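Source: prediction; values computed, not measured.
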Amino acid sequence: MSEFTPLTSALGGMLIGLAAVLTMALLGRIAGISGMIGGLLPPYAGGMAALGERGWRLAFLAGMIASPLVLFAATGSLPEIEVPVSLPMLVAGGLIAGVGVSYANGCPSGHGVCGMARFSVRSIAATLTFMATTAITVFLVRHVFGA
């Protein structure tokens with residue numbers, strides 16, 4: 001079980017919002033991670049123009065990967081992360097999330113942070129669906145199946 005960390009959580013939320021706003025303001029793009037990664041994978045639509053798109057996507061993802069190093073440099077420690085499920089459950093969860101992202105035409109970060117900020121009806125519906133599905137899944141796993 002994780003501790004409630006309001007200050008750290010608020011700071012993280014502000015940084016996510018700032019990244020989303022800057023990506024939209026400077027590049028005119030949505031900071032959805034699934035779309036960002038999808039744009040890095042072949043086939044590349046748009047030829048050479050698509051190649052120019054890869055630079056900002058790679059920089060954004062590199063920043064996400066490097067951010068724990070920045071946190072460690074600033075604080076001297078990293079938060080403890082527990083993953084209390086087996087590897088097969090992680091793989092199954094990842095596959096289910098991947099299928100959901102494909103059907104929803106975007107991931108929770110893209111719809112929840114960027115889409116809802118733009119008052120997109122599709123993003124609001126997708127985010128409500130993500131949240132309802134998560135609540136039902138947690139209830140079933142914790143209270144029905146007893147995990």
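If you chain together hydrophobic residues whose side chains sit under 4.5 Å apart, F119 and L128 never meet in one group. Under the 4.5 Å side-chain contact rule for hydrophobic residues, I81 and V85 share a cluster. M64 and L41 fall within a single hydrophobic cluster, where Ile, Leu, Val, Met, Phe, Trp and Tyr side chains are chained together by heavy-atom contacts under 4.5 Å. With hydrophobic clusters built from ILVMFWY side chains whose heavy atoms lie under 4.5 angstrom apart, V83 shares a cluster with M89.
Residues meeting the side chain to side chain donor-acceptor pair (under 3.5 Å) test with S120, sequence neighbours left out: S123. Applying the side-chain contact (heavy atoms from CB on, under 4.5 Å) test to L58 and every residue at least two apart in sequence or in another chain returns L40. For the side chain to side chain donor-acceptor pair (under 3.5 Å) test, residues two or more places apart in sequence or in another chain that qualify with S9 are T5.
Using a 4.5 Å cut-off between side-chain heavy atoms of Ile, Leu, Val, Met, Phe, Trp and Tyr, L95 falls into a hydrophobic cluster with L87, V91.
From I124, atom CD1 reaches atom OG1 of T129 across 11.5 Å, with rounding to the nearest 0.5 Å. To the nearest 0.5 Å, atoms CG (L61) and CZ (R54) are separated by 12.5 Å.
Looking at every heavy atom in both residues, P84 comes nearest to E82 through CD-O, 3.5 Å. Between P79 and L71 the shortest heavy-atom distance is CD-CD2, 3.6 Å.
Pairs engaging residues 83-107 under the side chain to side chain donor-acceptor pair (under 3.5 Å) rule: none recorded [sequence neighbours left out].
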Expected list for residues 10-38: side-chain donor-acceptor pairs under 3.5 angstrom, two or more places apart:
from	atom 1	to	atom 2	distance (Å)
T23	OG1	A19	O	2.7
R29	NE	E53	OE1	3.2
R29	NE	E53	OE2	3.3
R29	NH2	E53	OE2	2.7
S34	OG	C107	N	3.3

